[in-house]
Amino acid sequence: MIDKHLLRHLSKKYPNVKAAAEEIVNLNAILALPKGTEHFLSDLHGEHEAFIHMLKSASGVIKTRIDEIFGPDLTREEREELAALIYNAPAEIKRRKKSEQNLEKWYKESILRLVLICKSVSAKYTRSKVKRLLPEEFAYILDELLHSNDEANKGNYYGQIITTIVECEIAEDFIIKLADTISVLAVDKLHIIGDVWDRGSHPDLIMDFLMEFHDVDFQWGNHDIVWMGAATGNWACITNVLRMNISYNNFDMLEIGYGINLRPLASMAEKIYGDDSCEFFMPKKLEENKYDPIEDQLAARMNKAISICQFKVEGQRIKAHPEYNLENRLLLDKIDYEKGTIQLRDGEYPLRDTNFPTIDPEDPYRLTDDEKAVLEALEASFLQSEKLQAHIRFIFSHGALYTITNGNLLFHGCIPMDEEGNFEECTVNGVTKSGRDYMDYLDDQVRKAYFKPDESEETGRSGDLMWYLWLGSKSPLFGKDQMTTFERCFVADKKTHKEHTVAYYKLRDRKDICEKILAEFGLDAAHSHILNGHVPVKIKDGESPVKGGGKLIVIDGGMSKAYQKQTGIAGYTFIFNSRFMALSEHKPYSPLQPDGTQVFHSPAIRTVHTLEKRMLVRDTDQGEILKREVEELKALVKAYRTGEIKEM
């Protein structure tokens, strides 16, 4: 029985039988359409150019469409140039303006070909949905080109529209918008399974792009959660974020992108470490800074200064939270400052850097006045960064610790389990939970830590929970026994750098374990899959991304340049359309060359699961919502016809 109050509310939008019936027809038509194509990516790690190329190319799907449509009629080179136009229209137009003898002819041919591709990628959508996704300034023209069905006059009709576009000197803008529309229509829904930030140079540009994307959600990763904690002003998170990004030379992003004022840190670093080479803190240069280049020596000193602050602040948080069981990471008090050694769990090791001018051996976790002043200034910068706070609010509103969508379970890291495959009991904030209950509790507490800290069960500083989720051994986002940052900075012996993964990462090879996890989250193990990121798949070593008898797919293939030597590839996209599930395996992205050329490597796409029958919208989560709307509208029509509600 549908509530009469709801029907009265619906009647404001559908004021009579005709209006309600028209919407019922529309919704039933949508339900009969093929399911839209979902794309799943993880571990973007700031690689904005590579990521945006993946989206523009629909991870190889657009090139496949071009080959299907134009294979017999265009040469391989012409098809590749057409693909390049869609992937990076401004650059390709600029190149063509220098090389084409008859630019007007090229404009007309390109528009016609792009329209055919746009028709192909939009075929599974209703006309109304396509219209909503068209660029506003060219919506009428594109709608006419895409939906003209007068075959007898189409040639002249198309020709006149396209000729007019060229004559009005709007061809370049039109081509750029049409290329963007093709990319938008090719990806109906985008899922980011964690780790937008860190290592790569511009996560800020990725977030700007995603905030404009028509349908996106996030499953938070460990690198996301530490930024979320930094946005609360938490010093442990802030120092981690800055150490990582200074060590990767990401000054443009920090200072220009997010407006983080690093001058107090730079001044302190020069004052304290002006005579220190800081050779083990030199930044890794994956890309150069364009607007805010920092000399390597200064960057190294800043890196060391913020690292020492991190170890002090983390020590304070560990002492404030004995329930986190992180005592083994209290290391500053394990240093013999006279001998220049440190006592770790498995023995004593020499330090490769013994210059610690700001550490008091009697009270090693105490911040100096200079360090406090710098951290206070940095906290203010993070809290007052409008762009950062907008990005964090967006990743909250469009994200979660895990997501269930169309029968698939998405999470970044792991589900804590013991060696026998039982869901491990984990205690946070004095509350003990396991499995799905643990994930739900953490999700709730993370949101409260940012939006309503007074309602959170967290103790200590707001954001401490995010810091724990960044590096805690029972964190579903980390999944290792410890984070050995200090050892990697100060101890030469690489065996001390080892971080051991938790039991989950062996157990997920077993089909029964994957089925157990799916059942825990209320999913039918016979038809559902787990999509996972976090730990890169080492393809070059023979590792497979498909695990658990096909029940679990790892989609971290190493989009970050820092991982590509380990993985042998440059990332995955998992593609789920109405007929199959597939993995698109990417090769390293080639940036635009000075002469305007760009080499695009088509990814290898392989099917990992074929559906028994074509999946329609009615079979999806969205379909369930639409079916309920149909039932509500039918009840409204009945209420109109029985006189319970008056038609307008």
Side-chain angles (χ1 to χ4, degrees), residues 46 196-198 202-204 207-208 223-273 289 291-292 294 298-299 301-317 320 358 365-396 446-454 456 458-470:
V196 172
W197 279 274
D198 299 329
H202 277 296
D204 55 321
M207 288 302 300
D208 285 344
H223 286 270
D224 304 321
I225 206 77
V226 74
W227 275 87
M228 292 156 72
T232 71
N234 184 278
W235 288 5
C237 293
I238 287 171
T239 52
N240 270 279
V241 160
L242 291 179
R243 174 189 53 77
M244 282 186 287
N245 286 282
I246 290 171
S247 72
Y248 278 94
N249 197 43
N250 292 334
F251 290 99
D252 274 358
M253 178 270 290
L254 290 170
E255 295 207 275
I256 308 302
Y258 283 133
I260 305 300
N261 182 8
L262 297 179
R263 280 172 292 180
L265 175 61
S267 297
M268 183 182 75
E270 281 290 88
K271 174 183 174 182
I272 296 170
Y273 299 106
N289 291 294
Y291 304 106
D292 189 26
I294 300 292
L298 175 57
R301 289 169 180 152
M302 293 170 71
N303 190 5
K304 183 172 181 180
I306 201 65
S307 296
I308 296 298
C309 288
Q310 175 190 321
F311 302 137
K312 288 185 176 184
V313 170
E314 288 187 331
Q316 294 174 9
R317 305 329 303 146
T358 68
Y365 301 104
R366 181 178 59 81
L367 293 162
T368 66
D369 290 343
D370 284 345
E371 288 170 333
K372 280 184 183 177
V374 166
L375 290 177
E376 286 167 355
L378 289 169
E379 178 183 353
S381 262
F382 274 81
L383 291 174
Q384 294 168 16
S385 171
E386 292 184 11
K387 175 171 276 193
L388 174 61
Q389 296 296 337
H391 287 173
I392 296 301
R393 287 193 296 272
F394 186 79
I395 207 170
F396 268 111
V446 165
R447 293 180 193 280
K448 286 177 178 175
Y450 183 79
F451 291 102
K452 298 179 178 180
D454 291 343
S456 170
E458 181 179 56
T459 58
R461 280 195 76 138
S462 182
D464 280 355
L465 177 61
M466 280 91 131
W467 170 71
Y468 174 75
L469 292 176
W470 158 243

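Heads up: numbering here begins at 1 and tracks the sequence.
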Give a yes or no answer on whether the side chain of E458 reaches the backbone of P453 with a donor-acceptor pair at less than 3.5 Å.
-> no
Are any side-chain N or O atoms of D292 and backbone N or O atoms of D252, one a donor and one an acceptor, separated by less than 3.5 Å?
-> no
OG/S381 to CD1/I238 distance, rounded to the nearest 0.5 angstrom?
-> 9.0 Å
Side-chain donor-acceptor pair present, D208, H391, cut-off under 3.5 Å | yes
How many angstroms lie between atom CG of L254 and atom CZ of F382, to the nearest 0.5 angstrom?
-> 6.5 Å
Candidate pair W467 and N234, rule side chain to side chain donor-acceptor pair (under 3.5 Å), full reasoning = CA-CA 8 Å; W467 170 71; N234 184 278; over 6 Å; no
Atom pair OH (Y450) and CE (M466), whose distance is rounded to the nearest 0.5 Å | 8.5 Å
Would R317 and Y468 satisfy side chain to side chain contact (heavy atoms under 4.5 Å, CB included), going step by step from the backbone distance to the final call?
-> CA-CA 9 Å; R317 305 329 303 146; Y468 174 75; over 6 Å; no
State the CD1-SG distance between I225 and C237, to the nearest 0.5 angstrom.
-> 8.5 Å
N/O donor-acceptor pair under 3.5 Å between R301 side chain and I272 backbone | no
Determine the interplanar angle of the W227 and Y258 rings, folded into 0 to 90°, and report it as parallel if under 30°, tilted if 30 to 60°, perpendicular if over 60°.
-> tilted
Of all heavy-atom pairs linking N289 and N250, the shortest is OD1-C, 4.0 Å
Short side-chain to backbone donor-acceptor contact, S307 and N303, under 3.5 Å | yes
Between D204 and K387, does at least one N-O distance fall below 4.0 Å, as a salt bridge requires?
-> no
Shortest non-hydrogen separation from P203 to D198 and the atoms involved | CG-N, 4.4 Å
Output the distance between atom CD (Q316) and atom CH2 (W235), rounded to the nearest 0.5 Å.
-> 8.0 Å
Residues in side-chain contact (heavy atoms from CB on, under 4.5 Å) with T459, at least two apart?
-> H321, E323
Hey, could you give me the CG/CD1 distance between L265 and I260, rounded to the nearest 0.5 Å?
-> 12.0 Å
